[in-house]
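Here it is, the structure in full.
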There are 2 protein chains.
Amino acid sequence: MQKQYNNRIEVVLEVIGGKWKAHILYHLTRGPTRTGELKRLVTGITQKMLTEQLKELEQDGLVVRKVYNQVPPKVEYTLTEYGQSLKEVLKVLCDWGGDYIKFRYPNGEVTVRNGNEEL
Amino acid sequence: MQKQYNNRIEVVLEVIGGKWKAHILYHLTRGPTRTGELKRLVTGITQKMLTEQLKELEQDGLVVRKVYNQVPPKVEYTLTEYGQSLKEVLKVLCDWGGDYIKFRYPNGEVTVRNGNEEL
DNA sequence: TTCTATAGGTACTTTTTCGTGCCTATGTTA
DNA sequence: TAACATAGGCACGAAAAAGTACCTATAGAA
């Protein structure tokens, strides 16, 4: 069956949408990262969601999974070259999100953990 | 209960995420639009999803609903001034989405309806 | 009188996404 | 020998998002 999107934004949202992907990708923009480190960095994510999302990102050609043949296992995830092009996108999203919070909740009624993470 | 986001991207995704909002917003960037027109423009959306999503966008301060006291009813939706700031975001998303499709499916195995919509 | 156009509401079902709990493998270290 | 560290799999259930079907209101036109 031939897939057909309704518009180009649907495409991006399929790739970076959902509860976790953007946050995972954000950390990967800082360089290759091991599974356990990601688990620590992405606040609140479970093992299952992490590997699941990483697998999808890999299938989408944005992330590379590198396995070191060691015990205990060591696996490292890296942005592909094309994946790097997401940095710009993530930055725009981040900026708008930050501004929006200030606009809507000028008195800090709503906060953002890691609101200081730079992109 | 105090809401707390994990990161700033979560904020944007809550506002423009989901299956329809981005597409609705895209059309609103072109100016005030009546309900029925939106229903026609946003391919495949149902009445229910349309009004539901518009209501949320209104609550989020991005869209204004203007009711004309007529029969049959006339309702017009417009981007708020702050909502205008989304144009830039939508453009970046659109561009990346378009490029990505070319990157992943260079032979047009996957297409985008309205892929020519400009932002 | 009946039908049309317009915008919206509600109950219910289906689909998608996310979370929990528990299991595997293996070399090293205590 | 037993525990540990690391990465991941799977079954199941809960929750969120989306879709379906059907209902309301009203002035004017046929």
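A note on names: the letters A, B, ... follow the listed sequences, proteins ahead of strands, and every chain is numbered from 1.
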query: Looking at DNA chain C, which of residues 13-20 of chain B put a heavy atom within less than 4.0 Å of it?
result: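 Within residues 13-20 of chain B, no residue comes under 4.0 Å of DNA chain C.
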message: If the condition is side-chain contact (heavy atoms from CB on, under 4.5 Å), which residues does B:Thr43 pass it with, not counting sequence neighbours?
response: A:Asn6, B:His23, B:Arg113, B:Asn114
- prompt: What pairs with B:Val15 under side-chain contact (heavy atoms from CB on, under 4.5 Å), at least two apart in sequence or on another chain?
  reply: A:Trp96, A:Tyr100, B:Asp60, B:Leu62
Rounded interatomic separation in angstrom, taking NZ from B:Lys39 and P from C:dT6: 9 Å
- request: Enumerate the residues from residues 60-68 of chain A whose closest heavy atom to DNA chain D is under 4.0 Å, giving them by residue number; use none for an empty result.
  value: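 Those residues are A:Arg65.
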Pairs meeting criterion salt bridge (Lys or Arg N to Asp or Glu O under 4.0 Å) with involvement of residues 62-75 of chain B, two or more places apart: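 Listed once each, the pairs would be none.
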side-chain contact (heavy atoms from CB on, under 4.5 Å) against A:Gln47, all qualifying residues, sequence neighbours excluded: A:Lys39, A:Thr51
query: Who pairs with B:Glu14 by side-chain hydrogen bond (donor to acceptor under 3.5 Å, both in side chains), at least two apart in sequence or on another chain?
result: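 Here the qualifying residues are B:Lys3, B:Tyr5.
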task: With sequence neighbours excluded, tell me which residues meet ring-ring contact (aromatic ring centres under 6.0 Å, His included) with A:Trp20.
output: none
Axial bend angle, the helix from C:dT1-D:dA30 to C:dA30-D:dT1: five-pair end segments, nearest 10°: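 Computed from the C1' atoms at both ends, the axes differ by 30°.
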- request: Could you tell me from which nucleotide to which nucleotide of DNA chain D, 5' to 3', there is an atom under 4.0 Å from chain B heavy atoms?
  value: D:dA18 to D:dA27
- request: Output the residues of residues 47-58 of chain B in contact with DNA chain D, where contact means a heavy atom of the residue under 4.0 Å from an atom of the strand; sort by number or write none.
  value: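 Heavy-atom cutoff 4.0 Å gives B:Lys48, B:Met49.
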- line: salt bridge (charged side-chain N to carboxylate O under 4.0 Å, His left out) filter on A:Glu76, not counting sequence neighbours, yields none
